[in-house]
Each structure stands twice: as structure tokens, then as C-alpha cells.
Trainee: 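My structure is below; once you've seen it, I'll send some questions.
Note that the structure is predicted; figures quoted are calculated from it, not measured. Atoms within a ligand are numbered from 1 in the order they appear, just like the ligands themselves. Residue numbers start at 1 and run along the sequence shown.
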Amino acid sequence: MNRPRVPITTDAIEAAQRLRNGGLVVIPTETVYGLGADATHVNALERIYAVKGRPVGHPLILHVADTETANHWADMSHPAAQTLALACWPGPLTMLLPRRPSVDDIITGGRDTVGIRVPAHPLTLSLLAQHGGAIAAPSANRFGRVSPTTVAHVLDDIGDILDPERDLILDGGPCDVGVESTIIDLTVDPPQILRPGGIPTEDIERMLGAPTSAPQGPSRASGMMPSHYAPATPMRLVDDRNAAATAAHGINAVVIDRTDDLVDAARHLYDDLRAADQRNADLIIAVMPPPIGLGHALRDRLTRAAAGRDQAHPNQDDSTP
Ligand code: TXA
Ligand code: MG
């Protein structure tokens with residue numbers, strides 16, 4: 001007997017209804033799919049952690065329709081917050097800002113900052129407009145796997161865990177950017193880039209007219225540990241195409257090399273990793289993109305994916321994957 005499957009729809013009104021009733025809604029964004037809950041619905045927020053298998057204390061990003069709504073949840077008065085919101089939203093930038101009292105502790109893991117962004121996907125913007133509030137959403141993958149960029153990835157990871165009676169998947173097609181949002185902490189001076197992502201650091205520094213710094217101190221974005229999604233297949237990073245050919249010689253290897261087009265590389269990264277892992281190869285060989293533009297985010301994710309194989313405790317992290 002077939003178990004009922006969670007509904008998949010493009011109906012934002014139905015999705016808003018399910019959120020109001022305390023269900024989880026998988027939302028398409030320009031970066032990756034998110035597992036969303038109404039930010040005021042504590043039971044639904046708790047279910048996010050259960051469905052993902054994610055330890056509590058890893059904070060969630062809030063998604064809102066516009067800058068004005070963001071100001072209900074985060075203190076947007078910082079001049080840099082205004083500048084970046086104007087330049088980047090809707091888009092793949094998450095800002096860490098002082099939280100408002102309306103933000104539940106389960107969203108921030110008890111921190112005094114909250115991560116917030118306006119995602120650039122028409123279906124989710126329509127859902128957010130219907131909803132009027134904030135949707136808390138981590139990436140819609142099981143803890144320790146790479147983020148999903150298609151509904152098929154979501155179904156692979158959590159399709160059987162979602163509740164067909166309460167939950168819903170909003171199908172927005174394949175994600176356009178393909179890597180998660182850039183996270184910038186504006187509560188420190190200079191601002192810190194906690195996670196390179198869809199908006200390159202160089203662009204942000206140009207918008208701010210000032211430099212940013214790399215993360216310092218003990219793991220400021222909780223969960224930003226070196227090991228990440230570990231493909232079951234061993235993975236090696238190489239600097240160029242020739243090195244990939246040499247490494248692949250005489251063995252059954254899958255080579256990931258999209259260094260000619262970084263936009264395309266980001267869009268396909270997680271699908272490439274999932275597909276490579278299903279090929280039963282001896283080795284996945286990935287050519288590292290240059291450290292420019294989206295290359296920063298790509299290098300970060302590839303390094304974490306490869307590090308997982310060598311760590312004493314692989315798969316403990318969900319910072320990105
Ligand atoms: O593109 C994205 O950002 C996607 C889409 C769905 O919006 N979301 C996403 O969420 O990647 P998640 O939960 O998989 O990764 C968010 C990261 C986690 O490492 C989390 O610990 C960190 O952001 N984070 C969120 N709020 C934070 C806070 N207040 N302080 C420190 N780190 C925070
Ligand atoms: Mg994630």
C-alpha cells in the first residue's frame with residue numbers, strides 16, 4: 001500500500017493557509033530550498049529541528065517580504081543594513097542584526113542577533129505577501145547532507161518525514177543561484193562575512209565602500225565547522241584540469257569541473273555532488289574554481305565536502321549543507 005505523499009503545489013494561498021495552521025512549507029528560493037515555519041508558531045519551529053535531525057541551538061534564518069517587514073523582527077537602523085537592503089534585497093544576502101523582542105529564542109538559539117533576508121523567488125515572495133509575517137527556514141535537507149536545489153532533492157531527503165496532512169512543498173523549479181546566501185554580521189565592526197554565498201564579498205565591500213573581515217573567534221555562525229556533508233565516495237580537490245586528469249588516470253573517477261563558468265558551477269554544485277555520489281565511483285575529483293566572485297562560496301562548499309572524509313567526526317555540521 002502506498003503511503004500518502006506530501007502535496008506538491010504552486011499555490012501560494014494554500015501554502016499560506018498551511019503555515020497559519022502550524023504546518024511546515026518547503027519554500028523555493030533563489031539559493032536553495034528552505035524548510036519553512038511561521039516564525040510565531042513554536043510547535044512548527046520545533047518540528048523543523050525534528051524533521052531535519054538538526055540539534056537545537058543552530059539558529060534559523062528569517063525570510064520576510066520586504067525591508068519594512070524585516071524591521072519588525074530585526075533592528076534595521078544600522079546604515080550598512082539600509083545600504084545592503086537597498087542594493088541586495090530581494091536577493092541572496094542574510095544580515096545578522098540585533099533581534100526584536102518578537103523573535104522567539106528557538107529561532108536564534110538564545111542569541112541576541114537574528115539572521116534575516118528577503119529571498120528573490122516570485123512564488124515565495126507571493127507566499128510572504130499573503131502571510132504578512134516572517135517564515136523561519138533552514139535549508140530543506142537532512143542534517144549533514146548538501147542543500148536541495150530541486151524538489152527531487154527535497155523528496156530524497158525529507159519526503160517521507162513530512163506530514164501529508166499538515167505540510168506542503170511549494171514547487172518553484174530548480175534554484176537559480178544554487179549556493180546559499182552570503183551571511184554578514186553587522187553587529188561587529190568591521191562587518192564579518194560568516195559564510196561566503198550568492199553575493200560575492202567583493203560586491204558587498206564595493207556597496208559598503210569599506211572592507212569586511214573573515215570570521216574570527218569561536219565559530220560565530222554556529223555550525224560553521226570544517227567538516228560538512230561527506231559524500232560516501234572519497235573526494236579530492238585539485239587546482240586544475242591537468243591535475244584532475246592525472247588523478248583520474250586508471251581509476252573509476254567522477255570529475256566535477258565547471259571552472260569556466262562560475263554562475264553555472266554554483267547552479268549545479270549540489271546536484272553534481274549528489275549525482276557523483278550515486279555513481280559508485282572510486283573517487284570524486286573536483287577542480288577548485290578561482291577565489292573570485294562566486295568562486296569564494298564554491299571553494300568553501302567544496303572544501304567542506306572534501307573535509308568530511310578526513311574528519312574524525314564527519315557529518316556533524318549543517319552550516320551550509
Ligand atoms: O540561502 C540560504 O541562506 C538558505 C535559504 C533557505 O534561505 N538558508 C540556509 O539556512 O542556508 P541554514 O539554516 O541551512 O544555514 C544558516 C546558517 C547556519 O549555519 C546558522 O547557524 C547561521 O546561518 N545563523 C543563522 N542565524 C544566526 C545567528 N543569529 N547567529 C549566528 N549564526 C546564525
Ligand atoms: Mg543548511
Trainee: For Arg258, does the CZ atom have more than 12 heavy-atom neighbours from other residues, nucleotides or ligands under 6.0 Å away?
Mentor: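 Yes.
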Trainee: Purely on distance, is any nitrogen or oxygen of Tyr33 under 3.5 Å from one on ligand 1?
Mentor: no
Trainee: Hey, are Arg99 and Asp104 close enough for a salt bridge, meaning a charged N less than 4.0 Å from a carboxylate O?
Mentor: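 Salt bridge between Arg99 and Asp104, a charged N being under 4.0 Å from a carboxylate O: no.
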Trainee: Please say whether Arg117 places an N or O atom under 3.5 Å from an N or O atom belonging to ligand 1.
Mentor: yes
Trainee: Could you work out the complete set of other residues in the hydrophobic cluster of Val254, with links drawn between I, L, V, M, F, W and Y side chains under 4.5 Å apart?
Mentor: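 The other cluster members (ILVMFWY side chains, heavy atoms under 4.5 Å, direct or chained): none.
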Trainee: Would you mind running through ligand 1 and noting each atom that sits below 4.0 Å from a heavy atom of Pro138?
Mentor: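 By the 4.0 Å cutoff, the relevant atoms are 10 (O), 12 (P), 13 (O).
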Trainee: Examine the proximity of ligand 1 to Leu96 and report which part, side chain or backbone, both or neither, has a heavy atom under 4.0 Å away.
Mentor: side chain
Trainee: Side chain or backbone of Arg54 under 4.0 Å from ligand 1, or both, or neither, by non-hydrogen atoms?
Mentor: side chain
Trainee: Between Asp300 and Thr303, do the side chains contain a donor N or O and an acceptor N or O under 3.5 Å apart?
Mentor: no
Trainee: Relative to ligand 1, is Thr113 under 4.0 angstrom through side chain, backbone, both or neither, heavy atoms considered?
Mentor: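 Both the backbone and the side chain of Thr113 come within reach of ligand 1.
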Trainee: Does this structure show an ion pair linking Arg267 with Asp176, if we count only N-O contacts that are shorter than 4.0 Å?
Mentor: yes
Trainee: Quick one: does ligand 1 sit under 4.0 Å from the side chain of Ile183, the backbone, both or neither, non-hydrogen atoms only?
Mentor: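 For Ile183, the contact with ligand 1 is made by the side chain alone.
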Trainee: Flag Ser147 as yes if one of its N/O/S atoms falls below 2.8 Å of the Mg ion (ligand 2), otherwise no.
Mentor: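 Of the N, O and S atoms in Ser147, none lies under 2.8 Å from the Mg ion (ligand 2), which means no.
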Trainee: Given Gly115, Cys175, Pro59, Ser139, which has its nearest heavy atom closest to atom 33 (C) of ligand 1?
Mentor: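 Looking at heavy atoms only, Pro59 sits closest to atom 33 (C) of ligand 1.
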Trainee: Quick check: does His63 get an N/O under 3.5 Å from an N/O on ligand 1?
Mentor: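 Yes.
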Trainee: Is any NZ, NE, NH1 or NH2 atom of the basic residue among Arg18 and Asp11 found under 4.0 Å from an Asp or Glu carboxylate oxygen of the other?
Mentor: no
Trainee: Is there any N or O on Glu180 that sits under 3.5 Å from an N or O of ligand 1?
Mentor: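 No; every N/O pair is 3.5 Å or more apart.
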Trainee: With the threshold set at 4.0 Å, does a side-chain nitrogen-carboxylate oxygen contact exist between Arg47 and Asp167?
Mentor: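 Yes, Arg47 and Asp167 are salt-bridged.
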Trainee: Under 4.0 Å, heavy-atom basis, I'd like to know which part of His58 is in contact with ligand 1: side chain, backbone, both or neither.
Mentor: neither
Trainee: State plainly whether the residues Arg206 and Asp203 are in salt-bridge range, i.e. N to O under 4.0 Å.
Mentor: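 Yes, Arg206 and Asp203 are salt-bridged.
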Trainee: Which of the numbered atoms in ligand 1 are below 4.0 angstrom from a heavy atom of Ser181?
Mentor: 1 (O), 2 (C), 3 (O)
Trainee: Heavy-atom count check: over 12 atoms from other residues, nucleotides or ligands less than 6.0 Å from Glu202 CD?
Mentor: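 Yes.
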